[in-house]
J.: 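Sharing a structure with you now.
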There are 2 protein chains.
Amino acid sequence: MASNNPAPPDSTRRSERSRRAIYDAAIALVVEVGYPKTTIEGIAARAGVGKQTIYRWWGSKADVLLEAFLDLSEQAARTAAQEHENHEGQEGRAGHESQGIPDTGDLAADLKLVLRATVDELRDPGFEAPSRALAAEGVVNEELGRRFVAQLLEPQLQLYVDRLRSAQEAGQVRPDIDPRIALELFVSPLAQRWLQYTGPITYEYTDTLVDYALNGLAPR
Amino acid sequence: MASNNPAPPDSTRRSERSRRAIYDAAIALVVEVGYPKTTIEGIAARAGVGKQTIYRWWGSKADVLLEAFLDLSEQAARTAAQEHENHEGQEGRAGHESQGIPDTGDLAADLKLVLRATVDELRDPGFEAPSRALAAEGVVNEELGRRFVAQLLEPQLQLYVDRLRSAQEAGQVRPDIDPRIALELFVSPLAQRWLQYTGPITYEYTDTLVDYALNGLAPR
DNA sequence: TCACTGACGAGACGCAGCGTCTCGTTCGTG
DNA sequence: CACGAACGAGACGCTGCGTCTCGTCAGTGA
């Protein structure tokens, strides 16, 4: 039996203005009052938009926030890529992904550098509030969690896979190591400390993680 | 100015019967309908209790669930300790903490064994639903998150610290390693995969984590 | 043993936000 | 330019919140 369902809206006539206003309002509210107190009614009011406009295009508060955050990340990545380009010359067309991990030939140094940058990012309130909210929602809502991972987390992790593979070719990482698992040795501890408040997050800590992971715990 | 605040309730007259009924109802509802759809009204109705009785002793839904889960864990630990005792003879009075990590002298084997047991536990629906709910709440609610860690997670992690220190004395782990950080190399990756669905959780995976962590990624 | 008294179960209350709906109005498309 | 669907606005019934007020019941201290 074919659908006589709600009949999907016509996306060609969608208001870009409303879409942006909703993104901005959602992010702002999560930052200002926190995720649990952010409501659809609140987002609509702040965006100057009817509630129905939100319900027409999104299925839930979490959906709105995920898209808003995705959009924010793209903007930020574009801005960063732009600056990079201005300072160091062209690098092909607009990056669809944040720049890769530097490859100076010194794996430990490169990883420490990137992890220090991540530490800084985790402390930026504008990023922290929305990404915490999405992570929390993802823990308890598998469908959204998987989208969060696929669209935001995994692309970042892939950069580590690439760098580790390069290190393997350079003979700095054993060839039998699976890079996708190896990266978790230093990324996951940082993630857990951030998500669950299981310990302080410092440069010293992430540097130590890299050393432990590369050299191992056992005597050499 | 001294308090003319709500006047705290008299805990000596507290109904043990209600307390237990509330714990049971909270856990059951989280398992059956999920954390977001679990409501204070629902818990009260299911427990056969007035709403005020919940509001009198707890501050929020998350508070109730944390205490209920803590109680459940203690029960489970007591039961496990009991069985352990029956099968292998007395071991002092009732354990307030789950048994330590086995120490056969083979660190890798001991860690793999315990992590395999953790993998099994993470799959038990009766434990999974409530602990996911609490973890999610903790991500977005720092105060509760810290209590969750201090009362549930950290005691477990301490067992790894003890085992790693023993391994250091046996010369199987370098003496300059900080055990509290070292344990994160294999515990956090598992935690992240579970929390965020970033990858499959298998015995093979946890075994690999132990090998990578002990031997390091770099050629030896 | 008994009187006291505060916790108890039950449920009414006003309020906030949900998700659906119905208005005119506006604006993109063909 | 005419069409019509998306739009802003807001009313609707509903659910759950957190507070409150009832009798009733049971633990405590005399």
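Here is how names work: the chains are called A, B, and so on, in the same order as the sequence lines, proteins then strands, and each is numbered from 1. Below, each value reflects all heavy atoms present in this structure, side chains not excepted, and no hydrogens, waters or symmetry copies.
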J.: Check this for me: does any side-chain nitrogen of one of B:Glu137 and B:Lys61 sit under 4.0 Å from a carboxylate oxygen of the other?
T.: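 Here B:Glu137 does not pair with B:Lys61 in a salt bridge, since their nearest N and O are not under 4.0 Å apart.
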J.: Where the side chain of B:Glu41 is concerned, which of C:dG9, D:dG8, D:dG16 is the nearest nucleotide?
T.: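 Taking heavy atoms from C-beta onward, the closest nucleotide is D:dG16.
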J.: Measuring to OP1 and OP2 of C:dC8, would you say a side-chain N or O of B:Trp57 lies under 4.0 angstrom away?
T.: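 Affirmative; the distance criterion is met.
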J.: Nearest-Å distance, CD1 (B:Ile54) to P (D:dG16)?
T.: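 After rounding, the gap between these two atoms is 14 Å.
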J.: Grab the CZ-P distance between B:Arg17 and D:dG27 for me, whole Å please.
T.: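 Rounding to the nearest Å, CZ of B:Arg17 and P of D:dG27 are 11 Å apart.
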J.: How long is the straight-line distance from CZ of B:Phe69 back to CZ of B:Phe148, given to the nearest 0.5 Å?
T.: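 Reported to 0.5 Å precision, the distance equals 6.5 Å.
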J.: Starting the side chain at C-beta, find the nucleotide from D:dC20, C:dT20, D:dG18 nearest to A:Gln52.
T.: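 Looking only at heavy atoms from C-beta outward on A:Gln52, the closest nucleotide is C:dT20.
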J.: I need the CD1-C1' distance between A:Ile22 and D:dA6, as an integer number of Å.
T.: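 Going from CD1 in A:Ile22 over to C1' in D:dA6 covers 12 Å.
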J.: Atom CD1 of A:Ile40 to atom P of C:dG17: distance rounded to whole Å?
T.: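 Answer to the nearest Å: 12 Å.
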J.: With a 4.0 Å limit, can you tell me whether B:Ser18 has a side-chain N or O closer than that to the phosphate oxygens OP1/OP2 of C:dG9?
T.: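 So the side-chain polar atoms of B:Ser18 do come within 4.0 Å of the phosphate oxygens OP1 or OP2 of C:dG9, strictly under.
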J.: Which sits closer to the 5' end of DNA chain D, B:Thr38 or A:Ser11, going by the nucleotide each is nearest to?
T.: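 Closer to the 5' end of DNA chain D: A:Ser11.
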J.: Salt-bridge test for A:Glu67 and A:Arg19: reply yes if a basic N is under 4.0 Å from a carboxylate O, no otherwise.
T.: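 Salt bridge between A:Glu67 and A:Arg19, a charged N being under 4.0 Å from a carboxylate O: no.
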J.: With a 4.0 Å cut-off on N to O distance, would you call B:Glu154 and B:Arg180 a salt bridge?
T.: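 Counted as a salt bridge, because a side-chain N and a carboxylate O are separated by less than 4.0 Å.
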J.: Measure CH2/B:Trp58 against C1'/D:dC17 and give the value in whole Å, please.
T.: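 About 18 Å, once rounded to whole Å.
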J.: Should A:Arg46 and A:Glu32 count as an ion pair when the cut-off is N to O under 4.0 Å?
T.: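 So A:Arg46 pairs with A:Glu32 through a salt bridge.
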J.: To the nearest Å, give me how far apart CZ (B:Arg14) and C1' (C:dA7) are.
T.: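 Atom-to-atom, B:Arg14 to C:dA7, this comes out as 11 Å.
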J.: Checking contacts here: which listed nucleotide (C:dC18, C:dG9, D:dA6) is nearest the side-chain heavy atoms of A:Asp10?
T.: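 Nearest listed nucleotide: D:dA6.
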J.: Identify, between A:Gly48 and B:Thr39, the residue whose nearest nucleotide on DNA chain D lies closer to the 5' end.
T.: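 Of the two residues, A:Gly48 wins.
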J.: With a cut-off of less than 4.0 Å, is there a side-chain N or O of A:Ser15 near OP1 or OP2 of D:dA6?
T.: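 No.
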J.: Take atom CZ of A:Arg56 and atom P of C:dC21, then tell me their distance rounded to the nearest Å.
T.: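 Answer to the nearest Å: 13 Å.
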J.: Is any side-chain nitrogen or oxygen of B:Thr53 closer than 4.0 Å to OP1 or OP2 of C:dG9?
T.: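 For C:dG9, OP1 or OP2 has a side-chain N or O of B:Thr53 closer than 4.0 Å.
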J.: Does the side chain of B:Arg13 get closer than 4.0 angstrom to OP1 or OP2 of C:dT5 through an N or O atom?
T.: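 It does not, given that no N or O in the side chain of B:Arg13 lies less than 4.0 Å from OP1 or OP2 of C:dT5.
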J.: When all nucleic acid strands are considered with a 4.0 Å heavy-atom cut-off, which category describes B:Gly42: base, sugar-phosphate, or nothing?
T.: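 Answer is nothing: B:Gly42 stays at 4.0 Å or more from every strand.
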J.: Take the protein atom CZ of A:Arg19 and the nucleotide atom P of D:dA6, then report the distance between them rounded to whole Å.
T.: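 After rounding, the gap between these two atoms is 16 Å.
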J.: Under 3.5 Å, is there an N or O donor on one side and an acceptor on the other linking the side chain of A:Lys51 and the base of D:dG8?
T.: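 Per atom types, no contact qualifies.
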